[in-house]
Amino acid sequence: MSAPSNYTKLFLCVANSRKPGGHCVGGRTFNRDNYTEWLRPVSTRNTHEISDAELLYADGTRAQLLDVIKLTLTQAEPLYHQTENHVIAAVQWEKLQEAQWNHVTAATETTTSALWHDGLSSYHGLNDKVPEAIAHTLTNSLMLIEPQTLSLVVAQESKFMGGYDRRIRAAFTYNDTHYNFVVTDPWIENKYFAMEDGRYDIPMSRLCLSLPEILNGNATKLVAAVITPENVAERRQ
């Protein structure tokens, strides 16, 4: 039996967040002007992260949020609720163009249901936990939404085993439900960690939400990217 052939996909990168050992990258694939499926490129390593080297284009620059990228892949490799996972081939990624705000709005989704599952919260979060049994019934782990309201909260948070971590959280409403998720967008972290602790209201945005692997019996919802009309341009500077 012959090995399966590699295949290519084009996608708009709307998540390039920090993950132990590297990056968690995700985006929406498209055909002509229509956004279709979600894609999370993953490595063959046990923890599936994308390394700095794997993000490099042929010209030596690195793939960024809001790049439109052509990827060569070897196979689909879903992992429970992370149905969007595809394994990358040993081929450099190709940047096709840089997206603008209108591309982001076109890729935005709407849902009238909960964001995966509501009702379970971490100590500092709100509606940010999904029990393992429920996570295993889900069929997606990435969303791009328009929140009704959004504030970024920079604060010191107590840790379970003692001490504190400075974190950025997204406190937002969606479908009239309140949420509070940790932000793992490195660009947002660099910007807001340079500012004083406090609450910063964001008038217009899109949030890329991610549901990572199970840890200690739950999957914890994250904000992988905070995209605004202003920071589409600022991220390129």
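All residue numbers in this chain count up from 1 along the given sequence. These values consider heavy atoms only, across backbone and side chains, with no hydrogens, waters or symmetry-generated copies. Keep in mind the model is a prediction, meaning the values are calculated, not measured.
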Fill in the blank from the handout: The remaining residues in the hydrophobic cluster of Ile214, counting side-chain heavy-atom contacts under 4.5 Å among Ile, Leu, Val, Met, Phe, Trp and Tyr, are none

Handout entry: Heavy-atom side-chain proximity of Val154 to Met195 below 4.5 angstrom
Key = no

Handout entry: Residue pairs fulfilling salt bridge (charged side-chain N to carboxylate O under 4.0 Å, His left out) with at least one residue in residues 75-88, sequence neighbours excluded
Key = Arg40-Glu84

Problem - Side-chain touch Leu115/Ile145, heavy atoms, less than 4.5 angstrom - result: yes

Completion exercise
Those residues at least two apart in sequence (or on a different chain) that pass ring-ring contact (aromatic ring centres under 6.0 Å, His included) with Phe11 are none

Problem - Exam field: side chain Asp128 to backbone Val182, donor-acceptor pair closer than 3.5 Å - result: no

Problem - His86: ring-ring contact (aromatic ring centres under 6.0 Å, His included) partners, not counting sequence neighbours - result: Tyr7

Exercise for the section: Report whether Phe30 and Trp93 are members of the same hydrophobic cluster (ILVMFWY, side-chain heavy atoms less than 4.5 Å apart, transitive linking). Expected result: no

Exercise for the section: Please answer: with hydrophobic residues joined when any side-chain heavy atoms are less than 4.5 Å apart, are Ile69 and Leu66 in the same cluster? Expected result: no

Completion exercise
All heavy atoms of Asn218 vs all of Pro131, minimum pair found to be OD1-CA, 3.3 Å

Completion exercise
For Leu138 and Leu211, the nearest pair of non-hydrogen atoms, with its separation, is CD1-CD2, 3.7 Å

Exercise for the section: Would you check if the side chain of Asp52 reaches a backbone N or O of Arg62 as a donor-acceptor pair within less than 3.5 Å? Expected result: no

Problem - Listed once per pair and sorted, the salt bridge (charged side-chain N to carboxylate O under 4.0 Å, His left out) pairs that draw on residues 171-186, sequence neighbours left out - result: Asp185-Arg235

Problem - Flag, side chain of Arg166 to backbone of Phe193, donor-acceptor distance under 3.5 Å - result: yes

Practice task
Look at the side-chain heavy atoms of Ile, Leu, Val, Met, Phe, Trp and Tyr, link any pair under 4.5 Å apart, and say whether Val68 and Val104 land in one connected group.
Solution key: yes

Handout entry: Pairing residues for Tyr57 by the ring-ring contact (aromatic ring centres under 6.0 Å, His included) criterion, not counting sequence neighbours
Key = none

Fill in the blank from the handout: So the salt bridge (charged side-chain N to carboxylate O under 4.0 Å, His left out) pairs with at least one residue in residues 12-27 (sequence neighbours excluded) are Arg18-Glu189, Lys19-Glu213

Practice task
Sequence neighbours left out, what pairs pass ring-ring contact (aromatic ring centres under 6.0 Å, His included) with at least one residue falling in residues 100-152?
Solution key: Tyr80-His136

Exercise for the section: Decide yes or no for Leu209 and Leu222: does some side-chain heavy atom of the first lie under 4.5 Å from some side-chain heavy atom of the second? Expected result: no

Problem - Donor-acceptor pair, side chain of Thr29 and main chain of Thr36, under 3.5 angstrom - result: no

Exercise for the section: Please answer whether the main-chain N or O of Thr72 pairs with a side-chain N or O of Asn6 as donor and acceptor at a distance below 3.5 Å. Expected result: no

Handout entry: pair Thr8-Val91: side-chain heavy atoms closer than 4.5 Å
Key = no

Completion exercise
Correct closest heavy-atom pair for Arg169 and Asn180 would be CD-OD1, 2.8 Å

Handout entry: Least distance between heavy atoms, Leu12 atom then Tyr35 atom
Key = CD2-OH, 3.6 Å

Exercise for the section: First locate atom CG of Asn16, then atom CD1 of Ile50, and finally report the distance between them rounded to the nearest 0.5 Å. Expected result: 9.5 Å

Problem - Residues forming a salt bridge (charged side-chain N to carboxylate O under 4.0 Å, His left out) with Asp118, sequence neighbours excluded - result: Lys221

Practice task
Supply the atom-to-atom distance Leu96 CG to Lys70 NZ, rounded to the nearest 0.5 angstrom.
Solution key: 7.5 Å

Practice task
Is it possible for you to say whether Phe181 and Met143 belong to one hydrophobic cluster, with membership spreading through side-chain heavy-atom contacts below 4.5 Å?
Solution key: yes

Handout entry: Ser43 side chain to Glu49 backbone, donor-acceptor under 3.5 Å
Key = yes

Practice task
Can you run down the ring-ring contact (aromatic ring centres under 6.0 Å, His included) pairs that involve residues 194-215, sequence neighbours left out, and say none if there aren't any?
Solution key: Tyr192-Tyr200

Handout entry: side chain to side chain donor-acceptor pair (under 3.5 Å) evaluation trace for Thr139 with Thr83
Key = CA-CA 6 Å; Thr139 57; Thr83 59; over 6 Å; no

Handout entry: Hydrophobic cluster membership, Val130 vs Tyr179, 4.5 Å side-chain cutoff
Key = yes

Practice task
Classify the side-chain pair Asp59/Thr61 by whether it contains a donor and acceptor separated by less than 3.5 Å.
Solution key: yes

Fill in the blank from the handout: In terms of heavy-atom contacts, Val183 and Leu152 come closest through CG2-CD2, 4.3 Å

Handout entry: Derivation and outcome, side chain to side chain contact (heavy atoms under 4.5 Å, CB included), residues Val226 and Ile168
Key = CA-CA 11 Å; Val226 180; Ile168 300 170; over 6 Å; no

Practice task
For the pair Val25 and Leu55, evaluate side chain to side chain contact (heavy atoms under 4.5 Å, CB included) and give the outcome as yes or no after the intermediate values.
Solution key: CA-CA 10 Å; Val25 178; Leu55 285 178; 4.1 Å; yes

Problem - Pairwise side-chain contact, Gln64 with Glu98, heavy-atom cut-off 4.5 Å (strictly under) - result: no

Handout entry: Reported CZ-to-CG distance for the pair Arg236 and Asn231, which is rounded to 0.5 angstrom
Key = 10.5 Å

Problem - Polar side-chain atom of Asn175 near backbone of Ala114 as donor-acceptor pair, under 3.5 Å - result: no

Practice task
Could you grab the distance from atom CG of Leu144 to atom CD1 of Ile227, nearest 0.5 Å is fine?
Solution key: 6.0 Å

Handout entry: Nearest non-hydrogen partners of His23 and Ser51, listed with the distance
Key = CD2-C, 4.2 Å

Handout entry: Value rounded to 0.5 Å, distance of OG1 in Thr108 from CD in Glu146
Key = 7.0 Å

Fill in the blank from the handout: Sorted by chain and residue number, the side-chain hydrogen bond (donor to acceptor under 3.5 Å, both in side chains) partners of Arg167 (sequence neighbours excluded) come out as Glu157

Problem - Main-chain N/O of Ala171 paired to Ser151 side chain as donor or acceptor, under 3.5 Å - result: no

Problem - Sub-4.5 Å side-chain heavy-atom contact between Pro41 and Leu39 - result: yes

Handout entry: Note, His48 side chain near Gln82 side chain (heavy atom, < 4.5 Å)
Key = no

Problem - Exceeds 12 heavy-atom contacts within 6.0 angstrom, atom CD of Glu196 - result: no

Problem - Aromatic centroids of Tyr174 and Phe172 separated by under 6.0 Å - result: no

Exercise for the section: To the nearest 0.5 angstrom, please state how far the CG atom of Leu65 sits from the SG atom of Cys13. Expected result: 5.0 Å

Exercise for the section: Hydrophobic side-chain clustering at under 4.5 Å (ILVMFWY, transitive links): who's grouped with Val87? Put none if nobody. Expected result: Val42

